[in-house]
Amino acid sequence: TGKAVLKLAALNVVRAHSIVVGESAGAGSLGMSGELTLAPSTTLHADTIEIAKGPAAEGKVQLPKDGHLRLRGREGGNTRVKIALASGAAETPTPGAAVLDLAGGTTYAKISTLDTLAGGTHASVTIAFGAGTIDADAITLRKGEKPTTLTLAGTTLVVNQTLTIEEGAVVTLALPDPAATAARASLRMPATPETNRALLENYIKTGQINTTVPNATLALREEGANLIVEAK
């Protein structure tokens with residue numbers, strides 16, 4: 001067991017096939033704790049990013065306040081990165097924890113899949129995006145034995161294909177900072193197939209999509225070929 005911490009310099013370009021932050025060797029081992037603090041200005045190109053991989057693993061990736069992150073697949077351009085949090089979180093005496101905290105800065109990301117708790121549910125998952133646009137083909141938020149949360153603090157989240165939020169997992173539209181007076185966060189999906197509208201309406205009804213904006217309620221509207229959820 002142990003903890004590995006890496007802080008990137010002021011300006012960084014990172015290219016990798018795979019990035020793993022926090023990993024355990026197996027069910028009988030203690031989880032390794034890893035922490036990656038991105039540079040104030042980071043361009044990150046990777047095929048896969050795994051945070052807290054395996055039983056009891058703890059991993060955290062964070063962006064400094066007012067930082068800027070450009071996230072793509074390894075080849076850059078319009079290629080997409082696969083992100084997995086708390087995969088293989090099997091039952092252990094100590095639960096794992098996966099944190100992706102980009103709320104303090106601005107992120108422009110192209111993601112193929114954002115997936116949580118694949119192969120085990122004994123971990124907490126905390127995801128927070130700040131300003132910018134997160135463009136993902138598919139997002140899956142599984143319910144674990146500990147909380148699974150995704151916070152959009154002033155984010156435009158675009159989901160091109162499928163959005164799965166299991167009961168017990170939560171997506172929250174929030175203000176970008178406590179002093180803000182209006183929410184700028186939104187969640188967007190294609191208006192077709194027509195089942196997307198029923199899906200989003202159900203998530204809002206059950207509270208799986210909610211808002212912490214004072215005196216605001218969630219609204220679902222159609223704009224061109226898109227459905228948009230926002231707090232008003």
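Computed from heavy atoms alone, side chains included, the values below leave out hydrogens, waters and symmetry copies.
Met189 and Leu173 fall within a single hydrophobic cluster, where Ile, Leu, Val, Met, Phe, Trp and Tyr side chains are chained together by heavy-atom contacts under 4.5 Å. Both Leu36 and Leu63 are members of a single hydrophobic cluster when ILVMFWY side chains are connected at heavy-atom separations under 4.5 Å. Hydrophobic clustering (ILVMFWY, side-chain heavy atoms < 4.5 Å, transitive): Val171 and Val159 are in one cluster.
Note that the CG atom of Asp137 and the CD atom of Gln161 stand 4.5 Å from one another [nearest 0.5 Å]. Interatomic distance, CD of Glu50 versus CD of Glu23, reported as 7.5 Å (0.5 Å rounding).
The side-chain hydrogen bond (donor to acceptor under 3.5 Å, both in side chains) contacts involving residues 78-90 comprise Arg80-Asp135, where partners must be two or more places apart or lie in separate chains. The list of salt bridge (charged side-chain N to carboxylate O under 4.0 Å, His left out) pairs with a residue in residues 60-72, not counting sequence neighbours, is empty. For residues 122-132, no residue pair satisfies the salt bridge (charged side-chain N to carboxylate O under 4.0 Å, His left out) rule, not counting sequence neighbours.
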Only pairs under 3.5 Å count here: list side-chain donor-acceptor contacts from residues 198-207, not counting sequence neighbours, and write none if there are none.
from	atom 1	to	atom 2	distance (Å)
Tyr203	OH	Leu163	O	3.3
Tyr203	OH	Ile165	N	3.0
Thr206	OG1	Asn202	O	3.0
Thr206	OG1	Tyr203	O	3.3
Thr206	OG1	Gln208	OE1	2.4

Between side-chain atoms of residues 100-112 and protein atoms elsewhere (two or more places apart, or another chain), which donor-acceptor pairs fall under 3.5 Å?
from	atom 1	to	atom 2	distance (Å)
Asp101	OD1	Ala103	N	3.2
Ser112	OG	Val81	O	3.3

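Residues Leu218 and Ile209 form a side-chain contact, since some pair of their non-hydrogen atoms from C-beta on lies under 4.5 Å apart. In this structure the side chain of Leu114 never reaches within 4.5 angstrom of the side chain of Thr140, judged on heavy atoms. Residues Pro40 and His68 are not in side-chain contact: their nearest non-hydrogen atoms beyond the backbone lie 4.5 Å or more apart. Annotation: side chain of Leu157 is in contact with side chain of Ile139 (closest heavy-atom distance under 4.5 Å). At least one side-chain heavy atom of Leu175 sits under 4.5 Å from a side-chain heavy atom of Pro214. Looking only at side-chain heavy atoms (C-beta outward), Thr155 and Thr133 stay at 4.5 Å or farther from each other. Looking at Val158 and Ile134, their side chains never come closer than 4.5 Å, going by heavy atoms from C-beta outward.
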Thr172 vs Thr212, side chain to side chain donor-acceptor pair (under 3.5 Å): CA-CA, chis, key distance, verdict | CA-CA 7 Å; Thr172 300; Thr212 57; over 6 Å; no

Please assess Ile51 against Val99 for the test side chain to side chain contact (heavy atoms under 4.5 Å, CB included), listing each intermediate value before the final yes or no.
-> CA-CA 7 Å; Ile51 303 172; Val99 177; 5.9 Å; no

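Under a 3.5 Å cut-off, the side chain of Thr42 and the backbone N or O of Leu44 do not form any donor-acceptor pair. A distance-only check finds no donor-acceptor pair linking the side chain of Thr94 to the backbone of Ala56 [under 3.5 Å]. Formation of a donor-acceptor pair under 3.5 Å by the Glu166 side chain with backbone atoms of Lys143 is found in this model.
Pro190 approaches Leu227 most closely through the heavy-atom pair O-CD1, 3.9 Å. When all heavy atoms of Ala231 and Val213 are compared, the closest pair comes out as CB-CG2, 4.1 Å. Across all non-hydrogen atoms, the minimal contact from Glu222 to Arg197 is OE1-NH2, 3.1 Å. Shown here for Ala98 and Ala52, the closest heavy-atom pair between the two residues is CB-CB, 3.7 Å. Listed here is the closest heavy atom pair of Ser24 and Ala57: N-CB, 4.0 Å. Listed here is the closest heavy atom pair of Ala97 and Ala123: N-CB, 4.3 Å.
In this view, His122 and Glu145 satisfy the side chain to side chain donor-acceptor pair (under 3.5 Å) rule, not counting sequence neighbours. Remark: Arg221 pairs with Glu223, Ile228, Glu230, Lys232 by the side-chain contact (heavy atoms from CB on, under 4.5 Å) rule, at least two apart or across chains. For Thr113, the side chain to side chain donor-acceptor pair (under 3.5 Å) criterion is met by no residue, not counting sequence neighbours. The side-chain contact (heavy atoms from CB on, under 4.5 Å) test applied to Pro193 returns Thr195, Asn196, not counting sequence neighbours. Remark: Ala118 engages Asp115, Arg142 in a side-chain contact (heavy atoms from CB on, under 4.5 Å) (not counting sequence neighbours). Under the side chain to side chain donor-acceptor pair (under 3.5 Å) criterion, Glu194 pairs with no residue at all, not counting sequence neighbours. Remark: Thr148 engages Thr116, Leu117, Val125, Leu141, Ala169 in a side-chain contact (heavy atoms from CB on, under 4.5 Å) (not counting sequence neighbours).
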